[in-house]
Amino acid sequence: MKITQLNPFILHVPVTGNRIADSSNRITHWGTVGVIVETDAGLRGFGYTGTLGYGPADRLIRDCIADCYAPILLGKDPLGVRHLWQTMFNFPGIRWVGRAGVTQMALAAVDVALWDIKAKAAEMPLWKLLGGSETERIEAYNTDGGWLSLSDDELVEGAKQMVEGGFRGIKIKIGSPDPGNDLRRIEAVRHAIGADVKLMVDANACWDLPTAIRVGRRLADWDVFWFEEPICCDDVSGHATLVRSTDTAVALGEQLYSVDAFRHFIEAGAVHFVQPDATRLGGVTPCWQAIDLAASHRLPVVCHAADMMQIHQHLSIAHPACTMLEYIPWLRQCFEEPATVEGGRFLVPQMPGAATTLKPDALERFAVS
Ligand code: 0YR
Ligand code: MG
């Protein structure tokens, strides 16, 4: 089989309620920058990464796919995806300016599309190709009712509704200028959902270490399951200090671009719940390595979604280290077989491929130039 064409695209898809906010970002649309890889066998691979829908940055990723990676891939056999990944990552002129950011997110989109082709060629869903079992029902936790843009009443009402809808875990955003505001919201949600539902909090990397320690020491009062991205996402020693100073588990990883970055956090004892995002890390190929690395340290893995669930459901079903997966359903209307939760667990996707195949009208409805 040979790759004949790469057609990059940019979609901007409205988020739930047309506006959400966490401590670091306020967005109206989720950006989905990706590529359709065509082959001479007629198989098409779909891959994408996720952005805040900022056009100028999205165009950098799209152009990187078209100008840097497409010339490397044309004429190659897509089934050799691990070797192709090495070739793309190590291409000197790209590596010089890359290894993180735009080039790594573009590489992620391409890698996911290649794994989509590989699973389609094998006529099986990707989780099966990766060694997963049909009986694996991954627990979903819902983030899409926990935004900082919601009032206290909306937050509490939404939390109750998510639990009534079958979710056994929810995550709320914190990181207000006044942390007392966050503690009040955590307390209100815990009272609303009862003791048996997992409650996670996510500060999206906005606090300094003293604030994170002060807040972190209070979280056990409300049986918070993990404290996510408490401080600057690159600060290994800061997270290690926080872990030693508090007794609530720390979660992070959604903004890390390399397996080495995960290694540094893990070796420093700076993380418990490991949260790789294949669409930022460079695709399925390095994400599997990051999950293996966490597993070798007996750390639980909960891949980041926002909304990149399509690909992560396969990794989560296939890898025994993955215990749960985030649920944010922004892109449901875009896919042939959207990730679906019933009774608090993800259904097992059945279509061959990585579940990234777009509906024919997704490009017409959401594509931007
Ligand atoms: C919006 N999930 C997250 C969204 C989400 C972010 O900024 O991307 O809240 O990625 O932190 O855990
Ligand atoms: Mg997060």
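Both counts, for ligands and for their atoms, begin at 1 and track the order of listing. This is a predicted model, so every value here is computed, not measured.
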Could you list the atoms of ligand 1 found under 4.0 angstrom from a heavy atom of [X]?
| X | value |
| --- | --- |
| Trp30 | 8 (O) |
| Asn25 | 7 (O) |
| Trp147 | 9 (O) |

(message) For the Mg ion (ligand 2), what is the number of protein N, O or S atoms at a distance under 2.8 Å?
(response) 3
May I ask you to check whether [X] has an N/O atom sitting below 3.5 Å from an N/O atom of ligand 1?
| X | result |
| --- | --- |
| His304 | yes |
| Glu254 | yes |
| Trp330 | no |

(request) Could you go through the ring-ring contact (aromatic ring centres under 6.0 Å, His included) check for Phe91 and Tyr69 one step at a time? (result) CA-CA 9 Å; Phe91 190 89; Tyr69 296 128; 8.7 Å; no
(request) Begin with the C-alpha distance, continue with both residues' side-chain angles, and end with the deciding distance and a verdict on side chain to side chain contact (heavy atoms under 4.5 Å, CB included) for Val284 and Lys118. (result) CA-CA 12 Å; Val284 170; Lys118 195 169 174 69; over 6 Å; no
(message) Can you check which of Arg280, Met200, Lys171, Gln255 brings a heavy atom nearest to atom 12 (O) of ligand 1?
(response) Lys171
Going by distance alone, is a donor N or O of one side chain under 3.5 Å from an acceptor N or O of the other, for [X] and [Y]?
| X | Y | result |
| --- | --- | --- |
| Thr248 | Thr246 | no |
| Thr279 | Asp277 | yes |
| Gln275 | Glu326 | no |

Which protein heavy atom lies closest to [atom], and at what distance to 0.1 Å?
| atom | value |
| --- | --- |
| atom 1 (C) of ligand 1 | Asp22 OD2, 3.2 Å |
| atom 3 (C) of ligand 1 | Lys173 NZ, 3.1 Å |
| atom 2 (N) of ligand 1 | Glu326 OE2, 3.1 Å |

(message) With a 6.0 Å cut-off (strictly less than), is the heavy-atom count around CG of Asp196, excluding the residue itself, greater than 12?
(response) no
(request) Flag yes if more than 12 heavy atoms outside Arg19 fall under 6.0 Å of its CZ atom; otherwise flag no. (result) no
(request) Have a look at ligand 1 and work out which part of Ile328, if any, has a heavy atom under 4.0 Å from it: side chain, backbone, both or neither. (result) neither
(request) Specify side chain, backbone, both or neither for Thr143, according to which of its non-hydrogen atoms lie closer than 4.0 Å to ligand 1. (result) neither
Taking [X] for the side chain and [Y] for the main chain, is one N or O donor matched with an acceptor at less than 3.5 Å?
| X | Y | result |
| --- | --- | --- |
| Asp307 | Met309 | yes |
| Arg217 | Ser245 | yes |
| Thr356 | Phe46 | yes |
| Asp361 | Glu364 | no |

(message) Within the structure, is a non-hydrogen atom of Glu228 found at a distance of less than 4.0 Å from ligand 1?
(response) yes
(request) Go through Lys359 and Glu336 one step at a time and tell me if the salt bridge (charged side-chain N to carboxylate O under 4.0 Å, His left out) criterion holds. (result) CA-CA 5 Å; Lys359 277 188 182 160; Glu336 292 278 2; over 6 Å; no
